[in-house]
Participant: 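Okay, handing you the structure first.
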Amino acid sequence: MSVGKSCSSSGRLADSSGIYIHIPFCKQACYYCDFHFSTSLKKRETLIQCLVKELELRKSELQNKTIATIYFGGGTPSLLSVGELHMLIDAVYKNFKVVEDPEITLEANPDDLTSATIKALSNSKVNRLSIGVQSFFERDLKLMNRAHNATEAKNCLLEATQYFKNISVDLIYGIPGLSNKQWEENINIALSYNIPHLSCYALTVEPKTALESFIKKGIIENVDDDAAQAQFQILVEILENKGFVNYELSNFGKPNFFSANNSAYWQGKPYLGIGPSAHSFTGDQRSWNVSNNTKYIKSIQQNVLPLETETLTKTDKFNEYVMTGLRTIWGVSLDKVETDFGLNYKKYLLEQAEIFINQHLLYIDGNTLLITKKGKFLSDGIASSLFKINLS
Ligand code: SF4
């Protein structure tokens with residue numbers, strides 16, 4: 001996901017792409033999660049072989065591009081051994097042209113990052129850890145059914161920061177019962193480890209999750225949007241005071257530590273998604289692999305890519321650009337809108353934006369439409385009010 005002027009990685013990503021590899025296994029299901037994963041690891045070995053094979057089958061995609069980022073997401077990629085991760089990294093190098101010093105991120109859960117594992121990872125090609133801490137309070141971790149406890153989270157950060165410079169920590173706010181004071185404490189504990197990047201998300205109640213069912217039954221209190229908004233403001237204030245840039249709605253990085261992988265996504269660069277449920281993007285088309293491990297394996301073993309594809313219309317591309325632009329510090333370039341979509345789209349955008357500009361939720365700087373501090377938390381809703389519908 002890479003970037004604008006303030007990100008050191010932007011230059012090397014000029015003509016580059018990223019590869020996302022989905023590891024669809026977890027130890028246990030977090031109550032809020034709607035990602036694709038299985039808690040049975042029975043098919044692990046076969047599935048990894050299929051990931052390697054999918055990389056081979058898709059080696060002609062991303063032609064003329066160099067791979068600048070490799071991202072292991074999931075699921076829980078830290079369930080894989082360093083040997084298994086290297087088997088996948090080697091398959092990327094074998095089938096694609098990779099830049100000299102790619103960003104290789106591993107999403108990891110604290111309970112997997114033992115001292116020995118961190119040391120082994122530090123001797124591997126993985127050079128960035130994205131650690132799913134979510135909270136330093138036992139009560140919250142239990143409420144979300146996370147597999148780790150607060151002590152494991154702290155120990156893992158202590159150890160990881162001795163071996164890795166480039167670390168991101170995930171935290172969740174808006175958890176029912178989480179006070180503003182506890183939220184501040186969560187942020188400050190993370191900062192006490194000198195972490196250069198944080199990704200912070202509001203707890204959302206996704207359909208068909210255990211969280212949704214517990215809320216419906218009254219077992220867990222519902223999430224409170226106003227509380228989440230207040231905690232987002234606290235987050236922005238603390239982190240900006242500490243020199244972090246809120247370069248995307250949920251992402252805060254010290255200069256030179258923005259996620260190159262995620263920034264590239266947000267800038268509309270192409271990427272390849274490998275593994276069950278992984279999405280790919282060519283610029284004109286989106287495709288997504290089947291979200292089922294058994295079907296994925298069966299299809300790859302028959303040399304058939306288990307994916308569906310959608311071709312984006314001009315309107316789809318405009319809407320996506322507005323949505324991602326407003327979530328980031330790079331905003332929506334009015335020149336780009338005119339060049340890529342035409343004068344009518346630019347006029348339409350400015351007309352729709354006027355009401356939000358008057359409410360100080362959006363502003364124009366030079367030739368760029370941007371979200372204000374006040375509008376940030378509402379950016380997705382504002383963006384959807386600027387969408388074009390059925391005009392292509
Ligand atoms: S570890 Fe991550 S992917 Fe797995 S269930 Fe929890 S939130 Fe979902």
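Every heavy atom of this structure was used, including side-chain atoms; hydrogens, water molecules and symmetry mates were not. Both counts, for ligands and for their atoms, begin at 1 and track the order of listing.
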Participant: Using a 6.0 Å cut-off, check whether atom CD of E354 has over 12 heavy atoms from anything other than its own residue.
Facilitator: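 At most 12 heavy atoms, drawn from other residues, nucleotides or ligands, come within 6.0 Å of this atom.
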Participant: Report, in ascending order of atom number, the atoms of ligand 1 lying under 4.0 Å from any heavy atom of F37.
Facilitator: 5 (S)
Participant: If the cut-off is 4.0 Å to any non-hydrogen atom of N109, which atoms of ligand 1 fall inside it?
Facilitator: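 Near N109, meaning under 4.0 Å from one of its heavy atoms, ligand 1 has 1 (S).
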Participant: Within ligand 1, which atoms have a heavy atom of R146 less than 4.0 Å away?
Facilitator: 1 (S), 6 (Fe), 7 (S)
Participant: Which atoms of ligand 1 sit under 4.0 Å from any heavy atom of G75?
Facilitator: 3 (S)
Participant: Please say which of W266, Y20, Y265, F96 ends up in a ring pair (Phe, Tyr, Trp, His ring centres under 6.0 Å) with Y271.
Facilitator: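 Result for ring pair (Phe, Tyr, Trp, His ring centres under 6.0 Å) with Y271: Y265.
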Participant: Considering only protein heavy atoms, which is closest to atom 4 (Fe) of ligand 1, and at what distance to one decimal place?
Facilitator: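 For this ligand atom, the closest protein heavy atom is C26 SG, 2.3 Å.
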Participant: At what distance, to the nearest 0.5 angstrom, does CD of Q134 lie from CG of L171?
Facilitator: 7.0 Å
Participant: Any idea which protein heavy atom is nearest atom 8 (Fe) of ligand 1, and the distance to it?
Facilitator: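 Going atom by atom, the protein heavy atom closest to atom 8 (Fe) of ligand 1 ends up being C33 SG, 2.3 Å.
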Participant: Mind checking whether F232 and Y173 have parallel, tilted or perpendicular rings, split at 30° and 60°?
Facilitator: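 F232 and Y173: tilted rings.
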Participant: Report, as yes or no, whether the 6.0 Å neighbourhood of atom CG on N358 holds more than 12 heavy atoms from other residues, nucleotides or ligands.
Facilitator: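 Check passes, neighbour count above 12.
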Participant: Answer yes or no for G132: is there a heavy-atom contact with ligand 1 below 4.0 Å?
Facilitator: no
Participant: Can you tell me which residue and heavy atom of the protein come closest to atom 5 (S) of ligand 1, and the distance to 0.1 Å?
Facilitator: C30 N, 3.3 Å
Participant: At less than 4.0 angstrom from any non-hydrogen atom of T76, what atoms of ligand 1 do you find?
Facilitator: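 The atoms of ligand 1 under 4.0 Å from a heavy atom of T76 are 1 (S), 4 (Fe).
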Participant: Considering only heavy atoms of Q28, which atoms of ligand 1 have at least one such atom less than 4.0 Å away?
Facilitator: 5 (S)
Participant: Going by an N to O cut-off under 4.0 Å, is there a salt bridge joining R146 and D140?
Facilitator: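 Looking at R146 and D140, the cut-off is not met.
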Participant: Applying the side chain to side chain contact (heavy atoms under 4.5 Å, CB included) test to F72, which of T105, I19, I104 qualifies?
Facilitator: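 With F72 as partner, side chain to side chain contact (heavy atoms under 4.5 Å, CB included) holds for just one option, I104.
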